[in-house]
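This report concerns only the one structure given below.
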Amino acid sequence: MERENTILLIAPESDQIVEVRRGKIGEAECQIAARIDLNEDTGRLADMAQGCRVVVLVPSRYVVFRETLFQGKKRHATPLALAYPHEAGLLNDSEQMHWVILGRSQRNYAIAGVALAQMRIWLDGLHGCGIRVDSMIPDVLALPLPGKCSALRREGEWLFRTGRWQGMQLPDSWEGSVPLPEPDWCLHQGGAAPSAWQNTTVSADVLWPLAGEAWCSKFTLLQGNFRPARRWLSRMPDKTVCAMLLLTVSLLTGGIYQQMTARQSDRQIAALTQYLLPGQPKTSQVEQAINQRIQRMQQVIQAPQFFKLLPYAANTLSVWSSPQLQALSFDASRDWLQVTVNKNDEPMPSLRDDNHVTLRFSEESESDRAILTVEGK
């Protein structure tokens, strides 16, 4: 997806004029370089922002950098609380400025502050053009820092980055009156750097070389009340789409397989129940039902009355053509045996009692079954 490595770099020159660079991170040159008036070219800037991560490089002359030692608990180290000790050296009240924490090392905190009114001017102007800003970084913190100091000169000013969270901006008019630190990295447009400096590079475009550092920088001013809302991707990356499709297919395949397995198990339970427990309703507790049946059969076999009554039932049914046994019930306490079979077209065999047992046939009205009861006397 294009947004994954495309940046729109915006550097305000004033409240209405901005320098813009658009391109892919890692490329030596940008795709688009323009100078835009926010009051006139609003549509052009919005078109350039399509599919880009929008990063604004705030002029450091508007930013106050401070470091403070905080001895309290970490949860009490709010940006405003860290700014109060430096209020005497500020032009504005601390409450009239937007403060952010850039970072900390143990109890040492680095903070940056910008006037609230100026933050609103920048963001309202860009929002009016349909631009949603992803990050807003002081421009000096976008300078690469391979050593202890980096410098960049653009028209009318010098930018110096003197540490991970520190930097300053000096106008050209101060060049002879203020000793400039010698940088480990220097970029300028030619003929402006002191001759004694080494590691200097001349470039016609001094803004685009900052894109890589700006893309990775976490030192954004968009914190607290200015934190941007979460951006939902209008189009997911192709790799993500493929992964989601594969996951969906896998889940569907697994679900179908589990459903087929459950249906097969249900059919097996029904068949096994019908085979082992003829005439009984289907149950999912087949093992429990079989165990109960076995226990009852063991009790029957251990009762002597069963073997006394069983021959009478066998002799009576033997004269009937191929009876199909459906159920067998025995109650030792009543000396009672009941055999249920399917009826056929032949008449029921005649019964004869003797001095030991009583035999009788009965029919179930709602089914084609006959019941032979053998009861001891």
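As the structure is a prediction and not an experimental result, all values here were calculated from the model.
No more than 12 heavy atoms of other residues, nucleotides or ligands lie within 6.0 Å of CG in Asn225, so this atom counts as exposed by the packing criterion.
Cluster membership check: Leu141 does not share its hydrophobic cluster with Met97, using side-chain heavy-atom separations under 4.5 Å among Ile, Leu, Val, Met, Phe, Trp and Tyr. Residues Val64 and Val140 are members of separate hydrophobic clusters, defined by side-chain heavy-atom contacts under 4.5 angstrom among Ile, Leu, Val, Met, Phe, Trp and Tyr. Connection of Trp122 to Ile36 is established within a shared hydrophobic cluster, with ILVMFWY side chains joined at heavy-atom distances below 4.5 Å, either directly or through further cluster members. Cluster annotation: Val206 and Leu159 are assigned to the same hydrophobic cluster (Ile/Leu/Val/Met/Phe/Trp/Tyr, side-chain heavy-atom contacts under 4.5 Å, transitive). Linking Ile, Leu, Val, Met, Phe, Trp and Tyr whenever their side-chain heavy atoms come within less than 4.5 Å puts Ile32 and Ile25 in one cluster.
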key: From CA spacing to verdict: side-chain contact (heavy atoms from CB on, under 4.5 Å), Val341, Ile371   = CA-CA 6 Å; Val341 296; Ile371 302 174; over 6 Å; no
message = Does Gln338 form a side-chain contact (heavy atoms from CB on, under 4.5 Å) with Glu375? I'd like the steps, not just the answer.
response = CA-CA 8 Å; Gln338 190 176 75; Glu375 188 173 1; over 6 Å; no
task = Please report the C-alpha distance between Leu9 and Leu57 in whole Å, then the side-chain angles of each, then the deciding distance to 0.1 Å, and finally whether the side-chain contact (heavy atoms from CB on, under 4.5 Å) criterion is met.
result = CA-CA 7 Å; Leu9 203 61; Leu57 298 183; 4.0 Å; yes
query = Could you go step by step and tell me if Thr78 and Leu82 meet the side-chain contact (heavy atoms from CB on, under 4.5 Å) rule?
reply = CA-CA 6 Å; Thr78 62; Leu82 296 173; over 6 Å; no
task = May I have the step-by-step check of salt bridge (charged side-chain N to carboxylate O under 4.0 Å, His left out) for Arg161 and Glu213, ending in yes or no?
result = CA-CA 12 Å; Arg161 184 175 183 182; Glu213 187 74 15; 3.3 Å; yes
ask   = Step by step, would you call Trp158 with Trp197 a ring pair (Phe, Tyr, Trp, His ring centres under 6.0 Å)?
value = CA-CA 14 Å; Trp158 277 99; Trp197 286 4; 5.3 Å; yes
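One distance of note links CG of Leu252 with CD of Gln259; it measures 11.0 Å at 0.5 Å rounding. In this structure, Leu372 CG and Leu337 CG are separated by 7.5 Å, a value rounded to the nearest 0.5 Å. Within the model, atoms CG of Asn199 and CG of Leu187 stand 12.5 Å from one another, a figure rounded to the nearest 0.5 Å. The line from CZ of Phe65 to OG1 of Thr162 is 9.0 Å long, rounded to the nearest 0.5 Å. Between the CD atom of Gln258 and the OG1 atom of Thr253 there is a distance of 11.5 Å, given to the nearest 0.5 Å. To the nearest 0.5 Å, atom CD1 of residue Ile101 and atom CZ of residue Phe70 are 9.5 Å apart.
You'll find the side chain of Val20 reaches within 4.5 Å of the side chain of Met48, heavy atoms only. The shortest side-chain heavy-atom distance between Ser135 and Ser217 does not fall under the 4.5 Å cut-off. Contact check for Trp336 versus Thr373: side-chain heavy atoms found under the 4.5 Å cut-off. Using a 4.5 Å cut-off on side-chain heavy atoms (C-beta onward), Pro228 and Asp134 make no contact. For the pair Thr201 and Cys186, the minimum side-chain heavy-atom distance is 4.5 Å or more. With contacts defined as side-chain heavy-atom distances shorter than 4.5 Å, the pair Thr68/Asn108 does not qualify. Between Asn92 and Leu90 the shortest side-chain heavy-atom distance does not fall below 4.5 Å. Counting only heavy atoms from C-beta outward, the side chains of Ser150 and Leu145 approach each other to under 4.5 Å.
Formation of a donor-acceptor pair under 3.5 Å by the Asp184 side chain with backbone atoms of Lys148 is found in this model. A side-chain donor-acceptor contact under 3.5 Å links Thr220 to the backbone of Met136. The backbone N or O of Leu207 lies less than 3.5 Å from a partner atom in the side chain of Asp205, making a donor-acceptor pair. The backbone N or O of Ile7 sits nowhere less than 3.5 Å from a side-chain atom of Arg53 that would complete a donor-acceptor pair. Checking side-chain atoms of His86 against main-chain N and O of Ser94 turns up no donor-acceptor pair under 3.5 Å. A side-chain donor-acceptor contact under 3.5 Å links Arg107 to the backbone of Gly72. Side-chain atoms of Ser250 never come within 3.5 Å of backbone atoms of Leu246 as a donor-acceptor pair (strictly under, hydrogens ignored). With hydrogens and angles ignored, the 3.5 Å screen pairs no side-chain donor or acceptor of Ser60 with any backbone N or O of Val63.
Note on Glu29 versus Arg21: no salt bridge recorded, every NZ/NE/NH1/NH2 to OD/OE distance being 4.0 Å or above. Note on Arg154 versus Asp139: salt bridge recorded, some NZ/NE/NH1/NH2 to OD/OE distance being below 4.0 Å.
Residues Trp165 and Ser105 approach most closely at CH2-N, 4.2 Å, considering heavy atoms. When all heavy atoms of Gln223 and His98 are compared, the closest pair comes out as O-CE1, 3.2 Å. Nearest approach of Cys129 to Leu38, heavy atoms of both residues: SG-O, 3.6 Å. Heavy-atom minimum distance, Ala49 versus Val54: CB-CG2, 4.2 Å. Taking both residues in full, the closest heavy atoms of Val55 and Ala214 are given as CG1-CB, 4.1 Å, listed atom of the first, atom of the second, then distance. Taking both residues in full, the closest heavy atoms of Glu95 and Leu116 are given as O-CD1, 3.6 Å, listed atom of the first, atom of the second, then distance.
Neither side chain, Tyr62 nor Gln169, offers a donor N or O lying under 3.5 Å from an acceptor on the other.
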